[in-house]
Structure formats: structure tokens, C-alpha cells
Amino acid sequence: MEFRLLGSVAVVAADGRELPAGSAKRRSLLAMLLLNPGAPVTVERLTETLWDEEPPRHSRTVIHNHVSGLRSLLTAHDAPAAGVELVTDNGAYRLRTPDQAVDTVRFDHLVTRARSLDDAAQTAAALRQALALWRGPALTGTTAGLPLRCAARALEERRLAAVEELARAHGRLGDHCAAAGLLHTEATANPLREPLVAHLMHALGRAGRRSEALDWFHRTRRALAEELGIDPGPELTDAYARLLRTDAPPSRSEATPRPAVPPGRSDRVPPARHPGDQEPPDRLAFDPVPPTRVPTVGGLASVPDQRPAPAPVSAPAPAPVRPPAAPAPVPAPAAQHTPWPFPRRPRGFAGREDELAALDRATAAPGAVAVLTGGAGVGKTTLALYWAHRRHQDFPDGRLFVDLCGHSPLPERDTAAVLRELLLALGLPVERMPATAEAMGARYRELTAGRRMLIVLDNARRSEQVRPLLPDGDDCVTLVTSRDRLGGLVTSDAARPVPLAELSSPQAVTLLAATLGPDLVAAEPEAAARLAGLCDGLPLALRLAAARLATGPARALAALADELADEQDRLDLLDVEDTSVAAALALTVQHLGEAAHRTFRSLGAHTGATLDSRTAAALAGCRPDEAAAALAQLATAHLIVQIGRDAYTLHDLVRLYARSLPGDTDTQVLPRLLDHLLNTLLTACAAAEPGSEPCCTLPPGTRRPAEVRPFPDRASALAWYAAERDTLRGAVEAAVAAGLHDRAWRLVLLQWPLIVWQVRDGWAPLLEHGLAAAEADRDPGAQSRARALLGWVLLEEGRPDQALDHLERAPDLAARAGDGCAQAVALVNHAVALARHGEHAGRARVNGLLLKALSLAERAGRADLVALARQHLAHECLAAGAGEEAAQHAARGLAVAEPPFPVTRRVVLQTLYGRALAATGHPEEAARHLGAALRTARAHQYEEGEAEAGAALRALSAGGAVAGAVAPAAAPAVVVPGTAVPATAPGGPAYARPSTYPR
């Protein structure tokens, strides 16, 4: 058992389950005990913690109740066996825990250990392990009492100190970009924390980004003046002065270009140091600002700055600015003398032949600009580099690669800084560097004109970030990668978009084989395919899964797939060292606007993979037009995929990440979604079965959505049912889990049009869920409808004994609920089941049940149920040779089966009537009705009805006995919770469907 304070206060059982710790006050009491592990905490101290103002008169009793509740919780989960004990100690309370059972203790231990280590890499690893314990602001979910506020602030100070020490360790390793990225996030959140900003300035300066470091100084100076009315302190001004003094040429070791490193890794080569170099005490070690570097992946390759060293500056005042020298023409260096750094060819690349061909086409035009777009982790940079290496001979004048940090832990790159680096790479001496970004851009275009070069602008976020970096001339090709669509670049510069989607299942398996080895994948092909599906075909996720498998104790694909199948752990498992799917997605989400971010967070509660603006509006609690705008932004950022007009799909990993985001305590997200689905289901029912009445009403308190999806016809309603089947199943499971049983059984029963249309398509588990929810809701009417529909499905699946058990109980449940319509449906279903499988049920009993159902339907004024009962009475009479009686029932059924009732019902009744007429010696009239049924079925693509009417006509022409064409045991029926569509004619399948809806 362990306890967590670094984030939401939580108690975690030995099996990893988070236990229900109770209300905010109970969590606050627990937090105060855990902040003093093993030490007594007085009632007075707990009172001060739980009530910031005057405590209630019975505060001691409240505290005692909370202690008792905590003690019960701990005892129920074998806390004593784990060494956890909550005891009373002379009027105080003491919580004894094993060493390191509390995450704050583990955090302090790891930080202390890190400080004792001499090796920078080990120090960084220990600090990363310590900081990984933080899951959000400390003591989240507690009350706002003063003791806990002070404790939370103290814990935050310890966290920030650890962050600063980790940045120092990165600096010692020479990974200044990583240090800057780490500190940038914290400085943004704590803009008035001067030591933190000073450390960030040091890191940026050492990473060669002095302009950004100086910008941080001026930004912080303004904030201090505006908010506190003070000037920067000595630590900040000292950092500023050091940046201004640093203009010396690099040492030989510093001027040597560092090799480029592969994506996702950092250049860990520490910079060369002189024996006399010392780090300033209690701050990041400061080296002279390195020379400007040409960007590569994971680091910057040095380009020496040839300016002479200026005289030392002793004062912190800025050095006088010299006007730049006028630019002079610079001859383009020969290709063989310009070895510009470029990232190496990606390893383990597989597939993507179609996308590579698309890149070939997109870059074929003169001066082509191609934009490779896709979501986080889909492999844009890898594909761009692979293509660049495959086509390197087409660019004899060189290739340049720039990471624009559009979606990165690091700040977005400044245009002037990027242009300066590009110009240096193109051979422009520093002393001839233009002074402004506009002049740099002009010089850049001048130097690229006439060259055959490839410019890769990686990780762009905005079109305006890219435009100044586009080269000139017809011989240069620019390849841009971005998580956004960059439509502005398409408009202004004729850029050719090349969308990059997730890998197909075979491609994903190929990537696993390329990463793990073909033998391992070939040994478990099914597990490999399953693993590919669980990773959503995302290359980053697949590589992370492969890394976990390759470095873990077991090398079984099936075992890893089983672990990933648990949605609670999937994102955690796809996290290896400093790379994770969640981190990649976070870099996209952090750039969303407020509305899009709120909508994205709410998508975590969605129960399916597809959605539209109405569904998103229900989830986010906003208007559909606002949701549509937010969805468009999410699609532009490739967090969701647009698959049609107002139709989007959401991958599981993205949905799980959205679910993991800290929410705004909106507890109504799921109820809003369920109510939206219920309203949509009612509308779909009305369109799929016109003329029928709803099988249920909405539960009390149901919200009416701002807009409900319209269904113009039956086909569109059935298509929606089929498309949303998984979403609706997930909604039922979510409703049951949340205890919303009144919603759960309605979500099941309102799917009856598709269930009877595709009755043999595995509906039993869903209906069993609905029955259980109806029983939990103690609604006998709902239980009757669920049993009637479940019984019919089981009957069609060839399980008559189970079916009859449900069908026999359904009528009595409906009678108990006083629901005559449900009782009529249940009686029809029971009668037809007995006719087909009741070994001892005679015709009299079957007809008796049907006649009782007919009486109930007529009494309720339900024409649809009257037609259904007469349809089956006609069928039974035909099977028994009672042609006249069958004709009467079929004719009366036809009289009420007029529009807007479904045409399929009329086809079945008219076919039955024609057969009855033929059986009673009226062949001409029988042929007329059978021909009409045939033409109607054909016009509405009702294949089974067409086949039955055609068979009856052929039998009539041959002089056969039409009435006896089908044995009584094959008599079909349709089972519906509130109404029914007709079955096919005797002998046909037990449900009616057009050919466009295969089962």
C-alpha cells in the first residue's frame, strides 16, 4: 500500500487500485497525517487544517468520524499486513507507515541521493525519477486550510529546487537545450522567480540562444516593475551582465562541430572544460556563449564565429553597439566544400511507399514546397529524413535541416535567429551578417537562388513561421513538417500538402518486425496484429512498445498486448525514459485555444471513436456552432481526423490522453452525453419505424440538447444506428459503471430497429446488460421489453430453451407494470417461439396468446401492434390449413398497415393475403395481390419480400398449394420492445432488411 501527496491525495492498494479516500475534508485529514508520518497530530492541528474559519460546534465528532472512516478503509484493504496503522495517541492521531510508503518521502530520498552523486548522468536520472512522482499540484483535492496551503507551497519549492538541480545536471552533461526546455516551462509558470529565470538565461546562453536569454531578462524586469514595483535583484542582473560580456571566440574544442544525433535523443557529449573553470556557486554552471550553430536533430552543429575577441567588460552595463558592416557579395561556395550538418538516415524505417511516392510528386515542380502533415508520433520527421536521404543526389548543393520547435518543450524558434544560422551555413561571414530579419531574409533568398538545395523545415506550427525561410529560385525544394495543416502556406505559396496517416495493420506489423526482428514477430503473428491495433498504428507508439518489449524481462508479444489492452495502463506503458505518446500529444494540446482545449478534454468521456458537432457540444456543454469551430481546430492539429462533413474519428490513444488530462470537475459530461444519445435514439426510432410509438419515455431530469440530429428517411436512421453501434455499447457500459441504470436500459431498448433488422448479429450480451440495468432500476415494464427482445434474439441464435425462459416471463412483467403494449409484444413473441420450438404447445395455445395480444393492441389503439398480431394469426391459420380465417386476418392487417408504417410490413401482409386467397380458390385475385407485393418489394429493394412473393406467384402459376409452401415450424416473427417491423413471408428469414444492410 502506498500514499500519494504529490498531486491528488490518494491511497493506492497493493494491486495498484486507487481506493476511495472520501471527501475533501477526509483527504485533508489524511494529508496532514501523512505530512507528519509516524508523528502525533493533535485534534487542534487537525481542526485548523479542516476549517479555515470558525469550526463547527461538533468539530471533534466530525474529525473522529473521518478518522473512523479512514481506519475502516485501511483495514478493509489489509493495511495492517502492509505495516500501515492509524492509532490514537493521548488525544492525538498517528499514522504509521513503512519507510518510503509516502511519495513525499520517496521524493526527498531520491533528491538527497542525487545530491550525493558525482556523476552528472546518474544525478540527472535520480532527479528525473524524483520528479516523475509528481502528478500535478501537491495536495490537490484537499480543503483550503492554512496548514495545507503552507505545506503545498513548501512542497512546490522543493520541486522547483529539484528542477533547477536537474537543469544543472543537464548543463554538466553539455545538454543545454534540454536544460533550457526544462526551465522554460517552470519560468513561464513562475515569471517572478528571479533565480529560476537567471538559470534559464544561463542555459539559453550556453545553448547559443543569447537573444532569447536577453529577452527573458527584459521580460522579467518589466514584470517585476509592473507587478511589484522593484528592480531585478543581483542574481538576475549578474546573469544579464555575463551574457553581455560573452563575446569571445570559442575554444578549439567548442568550435568543433558535434555530430548530429537521431530524433528523440539528446547530444550528451559534455563541452570541453579548462582546468581552471569553476561553476558559479548555487546556480547553473556558466560557460561562454557557444558559437552559432546550424540546427540538426537533437542538437546543433557548430559553425565557428571568426570575429576577434573583444576586450573584457567589467561592468554589467551593455557594451556599445557597433553598426553592422555593409554586406558585400559573397560567392556561393562549391558544393564539395560545404559539408552542412544533416541528421542521419532513420533506422528501422518500414513501409510508407505511397507517401514517399506522394512526396516525389509534390516536389516535382520548380521551386516546390511540400507540407508533410500529421498528428503527434505519426512519423513526419522520420519520413522527411528518409526521403531526403533517398533523394540526396538530387541536391548537389547541399541540404539543410532546421527544427522550428513549433510543437516542442522548447520555445518556438525566432525567425531572425533561424535566418542567421541558415546564412552562416550558406557561408556568409559573421561580419557581413545583416542587422535586421528582413535584410537577412533578402540575403538568404539571394544566396539560395540558382542552387539545387533541399531545405527541411521541421516541426512548424504556423504558416507565417515558414514563409520567411522559403528559399528563392526554381532549383530549391522545401519540405515542411507540421502537426497543423498550414492552409495559409498552401494559399500563399502553392505548397503541396502530403497528409500522413497512421500505419495500416500490415504496415505496423512490418515496422515491429523491422524493430524487433522478423523471427519474433513471425512467431506470434496474431499478437503482433493485436499490438498494432492497440497502438492505433502510430509509429511512435509501436516503437515505444517495441522498446519496452526489447528491454523488458519477457519477450512475448502476447503478454505485452494483454497489458496494453487495459486502458487504464496503456499510456503509462507507452512511456520509455524521456519519450512517450502522452508527452508528444501534450506538445500539441498546449497550443490549443481555450475552447478547443476544453472540448478536447471533454472527449475523454466519449464512448466511441466517431463524433460530430452535436455530440461534441453535448460533451463540452456548449452550442453546436462553438463545438464545430473547436472540432475544426482539433482536426487542423491532427488530434482528430475529419472523415466527412461534420464527421470525425478519434483514435483510442488520443481519447485516453484526453481522459488523463486534469479536468475542471465537470461531473455532468457523461450525463450530458447519455442524454444527447437518448434524444438522438428517439429521433432515429421515429425515422426507422414511422408510425410506431416510442418503446419508452425519457427519464426524469433528462436534458434536451440544443440540437438533435435529423434523419430524413429510414435508410439514414438505420445507417446511423449501424455506424454508432460501438459508441452506444460504450455508452451503456459507462452508464452502468456510473450507476445511471435508468439511462442504460433505455440506451439498449431504443436500438431495437437495428436489432430486429440484423437480429443474428450478436446482440445478446448488450441485451443482457440492458436487462440487468432494468432490474437494477426496478422497472418491470423495462424488464419485460428487455426479456421479449432478448428472447427473440436467442431464438434466432438457435438457443430455444434460454429464449423460452425469457419469453415466458415477459408478459407477466408487463402486466405487473400495467403496460398493455409491452404485454402484447411479449405475447406475440412467446406465441411464435412456442409455434417453432414448443414441443407440447398446441395450436390452440399459440392462437390464444396471439388473440390476447390482438385484444390488448386494439384496446390500446396501437395500429402497428394490431397489424403485427394479425400477421402472425394469418400465418398460423395458413399453416393449419384454415385459409378463410387466414384471409380475414391478413385483410384486416392490411387495412391498418397504411403509410406511414414501413412498406415491408405491407409486403408481408399482402403476400400472406395472396396465399390465403389462393388457398381458398381465388387464383386471379391472389395473383393480383402477389404481383403488387412483388413490385413493391422490388421498388424498395426488399429482397426477402421479393423472393417470397415471387415464389408464391410461381407456385400459383404451377397450380401448387401456396398456403402449404412452408411448414408451420418455420413461421417467423419479429420481436420489438415497443413496436415491430414485419417479418418476411413464411419461410423467409426472421427479420426484414433491404440488400443494402447486410447482416
Side-chain angles (χ1 to χ4, degrees), residues 1-14 16 18 30-31 33-39 82-84 95-140 148 150-173 175 178-179 181-183 185-187 189-190 193 195-196 199 203 266 268 270 279 282-285 409 548 551-552 569 571-573 575-580 582-583 586:
M1 178 173 288
E2 64 178 75
F3 301 90
R4 297 175 179 174
L5 299 177
L6 303 179
S8 297
V9 174
V11 183
V12 180
E18 185 172 320
L30 173 62
L33 294 173
L34 292 172
L35 288 168
N36 301 273
V84 177
L95 181 59
R96 296 172 179 154
T97 61
D99 187 30
Q100 311 240 343
V102 186
D103 57 0
T104 52
V105 177
R106 294 200 304 277
F107 173 79
D108 290 337
H109 173 77
L110 287 167
V111 172
T112 302
R113 177 175 173 270
R115 289 170 179 162
S116 67
L117 296 171
D118 294 328
D119 183 78
Q122 294 179 1
T123 299
L127 289 170
R128 279 195 297 268
Q129 188 179 354
L131 290 168
L133 295 172
W134 286 75
R135 297 163 293 106
L139 307 182
T140 299
L148 290 184
C150 294
R153 185 60 204 168
L155 288 170
E156 177 65 10
E157 289 292 331
R158 283 147 66 182
R159 187 187 71 83
L160 289 173
V163 169
E164 292 170 353
E165 292 188 39
L166 178 57
R168 289 192 192 97
H170 282 309
R172 289 163 58 195
L173 291 167
D175 198 351
L182 185 70
L183 294 168
T185 302
E186 302 301 339
N190 301 272
R193 187 181 176 94
L196 188 61
H199 290 162
S266 298
R268 297 289 185 180
E279 296 180 2
D282 203 23
R283 62 165 61 98
L284 287 175
R548 181 168 290 277
T551 59
D569 297 330
L571 283 178
D572 290 337
L573 290 170
D575 185 341
V576 177
E577 290 191 355
D578 56 351
T579 305
S580 70

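In this structure, the side chain of Arg548 engages the main chain of Leu573 through a donor-acceptor pair within 3.5 Å. Asp119 contributes a side-chain N or O that, together with a main-chain N or O of Gln122, makes up a donor-acceptor pair within less than 3.5 Å. With hydrogens and angles ignored, the 3.5 Å screen pairs a side-chain donor or acceptor of Arg106 with a backbone N or O of Gln100.
Within the 4.5 Å cutoff, the side chain of Glu18 has no heavy atoms near those of the Val11 side chain. Annotation: side chain of Asp103 is in contact with side chain of Arg135 (closest heavy-atom distance under 4.5 Å). No side-chain heavy atom of Trp134 sits under 4.5 Å from any side-chain heavy atom of Arg4. Side-chain contact between Arg159 and Leu131: present, with at least one pair of heavy atoms (C-beta onward) separated by less than 4.5 Å. A 4.5 Å side-chain heavy-atom check between Phe3 and Thr97 finds at least one atom pair inside the cut-off. Taking the side chain as every heavy atom from C-beta outward, Arg193 and Glu186 never approach each other to under 4.5 Å. Using a 4.5 Å heavy-atom cutoff, the side chains of Leu95 and Val84 are in contact. No side-chain heavy atom of Glu165 sits under 4.5 Å from any side-chain heavy atom of His199.
Here the straight-line distance linking atom CG of Leu33 with atom CZ of Arg96 works out to 12.5 Å at 0.5 Å rounding. Note: Gln129 CD to Leu166 CG = 12.5 Å, rounded to the nearest 0.5 Å. We find the CG-CD distance between Asn190 and Glu157 to be 8.0 Å, quoted to the nearest 0.5 Å. Taking CZ from Arg168 and CG from Leu127, the interatomic distance works out to 10.0 Å, rounded to the nearest 0.5 Å. Annotation: the span from Leu139 atom CG to Leu35 atom CG amounts to 5.5 Å, rounded to 0.5 Å. We find the CG-CG distance between Leu6 and Leu133 to be 6.5 Å, quoted to the nearest 0.5 Å.
Taking all atoms of both residues into account, the shortest heavy-atom contact from Ala126 to Ala114 is CB-CB, 3.7 Å. When all heavy atoms are compared, the tightest approach of Ala162 to Phe107 is CB-CZ, 3.9 Å. Summarising the geometry of Thr104 relative to Arg158, their closest heavy-atom pair is O-NH2, 4.3 Å, with the distance given to 0.1 Å. For Leu183 against Ala203, the heavy-atom pair with the smallest separation is CD1-CB, 4.2 Å. Summarising the geometry of Leu196 relative to Ala187, their closest heavy-atom pair is CD2-N, 3.6 Å, with the distance given to 0.1 Å. For Pro98 against Gly83, the heavy-atom pair with the smallest separation is CD-O, 3.5 Å.
When each of His170, Arg115, Arg172 is paired with Thr123, the side chain to side chain contact (heavy atoms under 4.5 Å, CB included) condition holds for Arg172 and for no other.
At most 12 non-hydrogen atoms from other residues, nucleotides or ligands lie less than 6.0 angstrom from CZ of Arg113.
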Verdict with reasoning, Met1 to Val12, per side chain to side chain contact (heavy atoms under 4.5 Å, CB included): CA-CA 6 Å; Met1 178 173 288; Val12 180; over 6 Å; no

